[in-house]
Amino acid sequence: MEIKQGVIEPDMTVSTAIVTGGSMGFGRALATELAGQNWNLVIDGRSRFALDEAARMLEAIGPGQVRAIAGDVADEGHRFELVESAIELNDFRVLVNNASTLGPIPQPRLSEYPVDALKTVIEVNLLAPLALTQLAIPHLRASGGTLVNMTSDAAVEAYEGWGGYGSSKAALEQMSNILAVEEPDISVYWFDPGDMRTQMHQDAFSGEDISDRPLPESRVPALIDLLTSGLPSGRYTAESFLSPSASN
């Protein structure tokens, strides 16, 4: 399969995608779907155990190759390794900047937010995706590929206690908006999957029951639909693609 200007088309060539944060949550669910569509995958995560477990699962799904690279997207050498691995595999066409950090738990109000902690949140959620994108852009241009930056409603809504994470995602959205103008040869999507039953969401609502939130697997079809839609670069939400029955 290949993605060309946001459209997945049948092809004899096996294409390659990088999915950061692919060891758990939405990243793992997305990688699972892509593996089932015969993609080569480069995934990463900070937990070697979780990453190896995800890699074994993905390798058993489809014929595509899987490169699982432990590390932090904020590390320059790690980012180079991700892109080099994608190039070594065939036809690098998709980069999904999914890895992110919530920041301090519990999340402090902005009036009490440690500035050093905010620097880390911005480094992981904004600067690292940009730096990885800069490495990938020449190859995405050549393939007419797709960049996906994962965002959140915290980027556009004012939620008390979400100032650090929300600000970093708001900056990521504007960065994506400008990249969409500056890079007309690729599709640039900033995609909000909505609330999900993930570890990050549980951390944000420590001690609360989040079993009513949808599983990440239920939101992946929305992103796949976006990738196959041919829609122009822009901000899209999972809810705009999913029927009410698909929200659980």
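We use all heavy atoms of the structure for the numbers below, so side chains are in, but hydrogens, waters and symmetry mates are not. Being a predicted model, the structure only gives us computed values, none of them experimental.
- Cluster partners of Val73 are Val124, counting Ile, Leu, Val, Met, Phe, Trp and Tyr whose side-chain heavy atoms approach within less than 4.5 Å, directly or via other members.
- Side-chain atoms of Asn149 and Ser176 include a donor-acceptor pair closer than 3.5 Å.
- By the 4.5 Å heavy-atom criterion applied to side chains, Thr133 and Leu95 are counted as neighbours.
- Proximity of Leu102 to Gln107: side-chain heavy atoms (C-beta onward) are separated by under 4.5 Å at one or more points.
- Between Pro108 and Pro114, the shortest heavy-atom distance links the atoms CG-CD, 4.0 Å.
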### Query
Passes side chain to side chain contact (heavy atoms under 4.5 Å, CB included), Val220 versus Leu223? Steps please.
CA-CA 5 Å; Val220 166; Leu223 181 52; 5.7 Å; no

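- Rounding to the nearest 0.5 angstrom, the gap separating the CG atom in Asn177 from the OG atom in Ser233 is 9.5 Å.
- Remark: the backbone N or O of Asn90 is paired with a side-chain donor or acceptor of Thr16 at under 3.5 angstrom.
- Contacts of Arg67 classified as salt bridge (Lys or Arg N to Asp or Glu O under 4.0 Å), with partners at least two apart in sequence or in another chain: Glu88.
- Hydrophobic clustering places Ile105 together with Tyr165 (ILVMFWY residues linked when any side-chain heavy atoms are closer than 4.5 Å, directly or through intermediates).
- Leu51 approaches Gly45 most closely through the heavy-atom pair CD1-N, 3.8 Å.
- Annotation: side chain of Ile186 is not in contact with side chain of Thr146 (no heavy-atom distance under 4.5 Å).
- We find that Arg56 and Asp52 are not joined by a salt bridge, their nearest charged nitrogen and carboxylate oxygen being 4.0 Å or further apart.
- For the pair Ser15/Phe92, no side-chain contact is recorded, criterion being any heavy-atom separation below 4.5 Å from C-beta on.
- Every residue two or more places apart in sequence or in another chain that forms a side chain to side chain contact (heavy atoms under 4.5 Å, CB included) with Ser47 is listed here: Phe49, Ala50.
- Inter-residue side-chain proximity for Leu172 and Trp190 is flagged as unmet; no heavy-atom pair is nearer than 4.5 Å.
- Summarising the geometry, atom CG belonging to Leu132 is positioned 11.5 Å from atom CD belonging to Glu76; distances are rounded to the nearest 0.5 Å.
- In this structure, CG in Leu34 is found 11.0 Å from CG in Asn40, a value given to the nearest 0.5 Å.
- Under the 3.5 Å distance criterion, the side-chain polar atoms of Arg93 are matched with a main-chain donor or acceptor of Ser143.
- Here the straight-line distance linking atom CG of Asn97 with atom CG of Leu126 works out to 10.5 Å at 0.5 Å rounding.
- Here the CD atom belonging to Glu182 is positioned 9.5 Å from the CD1 atom belonging to Ile137, to the nearest 0.5 angstrom.
- For Tyr236, the ring-ring contact (aromatic ring centres under 6.0 Å, His included) criterion is met by Tyr189, not counting sequence neighbours.
- Residues Trp162 and Ala154 share a closest heavy-atom pair of CE3-CB, 4.1 Å.
- Note on Leu110 and Val121: same hydrophobic cluster, where clusters join Ile, Leu, Val, Met, Phe, Trp and Tyr whose side-chain heavy atoms are under 4.5 Å apart, directly or indirectly.
- A pairwise comparison of heavy atoms in Arg48 and Ala70 identifies NH1-CB, 3.6 Å as the closest pair.
- Residue-environment remark: CZ (Phe80) stays at or below the threshold of 12 foreign heavy atoms within 6.0 Å.
- For Asp72 (side chain) and Asp75 (main-chain N/O), no donor-acceptor pair under 3.5 Å exists by modelled atom type.
- In the hydrophobic cluster analysis, where Ile, Leu, Val, Met, Phe, Trp and Tyr join through side-chain heavy atoms closer than 4.5 angstrom, Val156 is grouped apart from Val148.
- Distance check, rounded to the nearest 0.5 Å: CG of Asn98 to CD1 of Ile43 gives 11.0 Å.
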### Message
What verdict does the side chain to side chain contact (heavy atoms under 4.5 Å, CB included) test give for Ile224 and Leu30, after you've listed the backbone C-alpha separation in whole Å, the side-chain angles of each residue and the deciding distance to 0.1 Å?
### Response
CA-CA 9 Å; Ile224 297 299; Leu30 174 61; 4.1 Å; yes

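- For the salt bridge (charged side-chain N to carboxylate O under 4.0 Å, His left out) condition, the pairs that include at least one residue of residues 151-160, sequence neighbours left out, are Arg109-Glu160.
- Smallest separation of non-hydrogen atoms from Arg79 and Ala131: NE-CB, 3.3 Å.
- Here the closest heavy-atom approach between residue Arg219 and residue Phe191 is recorded as O-CZ, 4.4 Å.
- Looking at Ser168, its side chain never comes within 3.5 Å of a backbone N or O of Ile122 through a donor-acceptor pair.
- For residues 18-32, the set of pairs meeting the side-chain hydrogen bond (donor to acceptor under 3.5 Å, both in side chains) definition, not counting sequence neighbours, is empty.
- In this structure, the side chain of Lys169 does not engage the main chain of Gly164 through any donor-acceptor pair within 3.5 Å.
- Partner of Trp39 under the side-chain contact (heavy atoms from CB on, under 4.5 Å) criterion, out of Val94, Val14, Val19, Asp91: Val94 alone.
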